[in-house]
Amino acid sequence: MLTSSELISLVREYDRNANADLLRKAYVFAMEAHGVQKRASGSPYFYHPAEVARFLAELRLDVQTVVTGLLHDVLEDTNVSFEELEEIFGAEIAFLVDGVTKLSKINYTSSKTHQAENFRKFLLAISQDIRVLIVKLVDRLNNMRTLNYVASIEKRKRVALETLEIYAPLAERIGMNVIKDEMEDLAFYNLHPNEYSAISLRLDQIRKKDHNFVQNTTLELKKVFKAAGIEANISGREKKVYSIWKKMQRRNVSLEQINDIVAFRIIVDTVQQCYLSLGVIHTNFQIMPGRFKDYISIPKLNNYRSLHTTVIGPLKQSIEVQIRTEEMHRVADEGVAAHWSYKNDDVVAPSDDPKNYGWIKSLLTIIQNSGTPDEAMDHSKMEMFENEVFCFTPTGDLITLPHGATAVDFAYEIHTVIGNTCIGVKINGKMVPLKTVLRNGDQVDIITSPYQRPEAAWERFVITGKAKACIKKFIKAQEKAEFTDLGLQLMKYIFASSTDINFSEDLIDIKRFSCDSVSKFYYNLGKGIISADNVRMMIPKSGNRMSIHENSICLVDFTPGIAVHFAECCHPILGDKIIGILVPQKGIVVHITSCDCIERGGNTFIKVKWNQDDEIDATFIARLRIVILNETESFAIITNIISSKGANITNLKVEHRSTDFFDLLVDIKVIDVIHLGEVQAALRTCANVRSVRRL
Ligand code: MN
């Protein structure tokens with residue numbers, strides 16, 4: 001068993017100042033905590049955490065991580081409490097151990113609904129500190145190594161499947177290929193022992209058949225590089241059983257047909273030398289077309305970098321060649337751990353890493369796309385999260401939303417107030433529209449303004465129940481306020497256009513309209529439940545002839561889309577000459593004065609203006625074709641009607657004359673279309689007028 005002194009010297013190899021006391025304390029603490037507990041193999045339980053710590057030290061990880069390895073099972077399997085850990089080992093280590101414990105408790109085979117929740121927990125645990133995941137993967141690898149001691153075949157298969165479906169892809173994702181490779185082979189061995197043995201056996205036979213193949217090829221390659229004057233470390237490495245099996249499945253070929261069972265690695269000092277080496281290989285050996293890949297200029301998602309090519313090698317067999325630098329090689333094996341490992345008294349803290357969320361984003365991408373044909377195994381466990389999208393607040397809190405959720409959904413998910421006042425959003429540092437659909441790993445920064453209010457248009461793109469309900473609730477309250485205000489404005493408007501008596505609430509007999517409060521009356525009037533015409537009739541008239549049109553309703557007081565709407569047919573914009581049509585249940589629909597819609601009969605027009613400063617516009621001339629009965633008094637009657645409505649005739653022409661009718665063209669000066677409409681309506685009421693039409 002690994003002793004504490006061995007562990008300390010292992011760590012001291014790469015960190016001369018490592019805290020030996022801390023390591024020793026954790027070692028003794030974990031050993032005592034696990035006491036007489038035994039593993040399935042019959043050996044003391046403590047062997048397991050000690051081995052995990054050794055592996056972490058071999059990855060040259062910082063002391064905190066190695067200590068976490070020693071302590072990783074004490075919270076779950078012993079009586080030690082979180083508080084106790086925190087007191088003895090400090091907050092950082094307690095947090096890491098707690099994170100690993102939480103990961104261990106996640107049951108990936110639970111029901112669908114729980115799986116999503118579990119995955120959320122999982123992400124929460126690892127998003128805080130990637131070291132939690134590293135320790136967990138090393139823990140799982142160690143468990144896989146001793147899986148053959150577990151008596152129950154069923155349990156072995158379950159653990160192996162979980163490893164293959166969850167942990168190996170995660171290890172691959174964070175670039176820890178050493179762990180991934182071993183996990184896959186161990187899982188494959190437990191799940192498909194027959195296939196595993198068959199492939200191993202064939203590999204042995206192939207190895208025996210040309211036992212000097214790797215050695216001789218390496219030797220030849222070294223000669224070529226020496227001649228080219230490039231110092232390179234060249235070695236041959238056999239592919240893993242599981243990866244061969246996957247290749248056989250994917251390409252539907254037999255083992256004999258796989259030509260790259262051995263890959264040759266050429267490790268050089270610089271990136272420049274990588275490309276020089278590629279030139280050396282391609283100059284000396286014939287390239288196999290279509291097999292060259294440049295992962296240096298385009299690294300894989302997990303930061304894997306290398307040049308890959310396949311050539312007809314020195315022994316006239318095709319060989320795969322991988323060219324990389326020492327640093328790339330380390331990342332290829334250890335991935336994130338290489339990034340985290342101890343270097344020059346300076347350990348990168350997770351919060352200092354600008355890619356902190358970047359890797360989670362790509363992790364999620366690979367998890368959710370793991371069902372590609374590239375994967376021989378069915379990664380269905382990973383696909384269960386495809387209906388979820390996982391995003392982060394600027395402080396790193398994880399927010400889970402259904403697929404298709406937008407920034408506004410995110411804002412409401414944080415807090416109703418944030419949702420109600422959100423005015424903009426930065427996703428991954430970039431300003432985007434509020435309706436932007438979120439993607440996995442997005443870091444979402446909601447910008448709020450105390451003056452912002454939810455917009456009715458939001459209802460069309462939000463998808464979460466919470467956002468929908470909040471917007472609806474707000475709009476409803478807003479609607480009530482706006483229709484009530486519209487009712488009040490209408491009341492003043494009707495008063496001003498019907499009488500010269502000053503408007504006063506006391507003059508309204510709300511009981512006649514079955515309302516128990518003035519605000520209810522205003523609301524009903526604004527909403528059109530009470531007709532404006534009926535109200536007009538009950539207004540006390542005065543002796544003076546009223547002058548109409550001197551009042552109008554100001555749009556600036558209303559929120560578009562609630563009690564005031566802009567017509568879809570003509571889309572009025574600020575500055576257009578506009579007119580309102582009162583529509584029951586809807587409020588005022590604003591059109592531009594020249595819109596065709598307003599020519600239709602049966603409308604109640606309301607004069608509206610953009611803001612208080614708007615001038616009531618000047619008069620304009622409209623041409624009417626009026627057909628009247630061929631009777632002596634007809635002319636007098638229509639000219640009277642027109643002038644009684646306050647319009648002037650500027651031109652009159654008899655266009656056609658028959659025994660029964662006159663066809664007249666009349667130009668009249670009116671204030672606006674409402675005025676014109678009133679003139680037309682008055683003419684139509686006259687018995688001598690057959691028809692009136694605007695030209
Ligand atoms: Mn463990």
Side-chain angles (χ1 to χ4, degrees), residues 1-2 4 7 10 23 26-59 61 63-82 84-85 88-89 93-109 118 121-122 125-126 128-152 155-168 170-171 174 176 178-180 182-184 186-187 190 337:
M1 188 189 70
L2 179 82
S4 65
L7 182 63
L10 207 52
L23 283 164
Y27 187 96
V28 174
F29 185 89
M31 186 154 62
E32 282 174 358
H34 287 294
V36 295
Q37 289 174 350
K38 290 266 193 297
R39 300 277 289 170
S41 61
S43 55
Y45 193 96
F46 180 67
Y47 282 21
H48 163 65
E51 281 307 308
V52 170
R54 182 214 293 269
F55 200 109
L56 293 166
E58 281 167 1
L59 289 171
L61 290 161
V63 175
Q64 279 76 14
T65 311
V66 176
V67 168
T68 302
L70 286 170
L71 300 172
H72 82 270
D73 273 333
V74 299
L75 283 182
E76 197 182 358
D77 296 335
T78 76
N79 295 328
V80 174
S81 71
F82 178 83
E84 209 176 325
L85 266 193
I88 301 171
F89 295 100
I93 288 167
F95 171 81
L96 289 171
V97 173
D98 189 48
V100 179
T101 308
K102 279 177 180 152
L103 279 193
S104 307
K105 281 183 182 157
I106 293 171
N107 175 8
Y108 298 95
T109 55
N118 279 332
K121 284 186 196 151
F122 168 81
I126 64 168
Q128 308 290 322
D129 197 321
I130 185 110
R131 289 177 296 177
V132 169
L133 182 58
I134 295 174
V135 175
K136 181 64 206 168
L137 290 172
V138 173
D139 171 39
R140 175 51 70 109
L141 177 62
N142 192 261
N143 287 335
M144 287 302 292
R145 284 176 176 176
T146 53
L147 194 60
N148 53 322
Y149 293 112
V150 173
S152 155
K155 189 185 172 191
R156 257 191 263 168
K157 289 210 188 256
R158 183 174 58 71
V159 173
L161 192 64
E162 192 179 81
T163 301
L164 205 54
E165 288 179 335
I166 311 273
Y167 290 103
L170 283 172
I174 62 171
M176 300 186 74
V178 173
I179 290 183
K180 174 214 135 199
E182 195 180 338
M183 273 184 177
E184 282 182 344
L186 290 166
N190 280 283

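Starting from 1, each residue takes its place in the sequence as its number. Just follow the structure's listing: the first ligand is 1, and inside any ligand the first atom is 1.
Under the 30°/60° scheme for interplanar angles, the aromatic rings of H34 and Y45 are found to lie parallel.
Under a 3.5 Å cut-off, the side chain of Q64 and the backbone N or O of L96 do not form any donor-acceptor pair. Without hydrogens or angle criteria, S43 side chain to R39 main chain gives no donor-acceptor distance under 3.5 Å. No side-chain donor-acceptor contact under 3.5 Å links T65 to the backbone of L61.
Looking at H72 and the Mn ion (ligand 1) together, the shortest N, O or S contact belongs to NE2. For D139, the N, O or S atom with the smallest separation from the Mn ion (ligand 1) is OD1.
Taking the Mn ion (ligand 1) as the apex, the angle formed with OD2 of D73 and NE2 of H48 is 90°, to the nearest 10 degrees.
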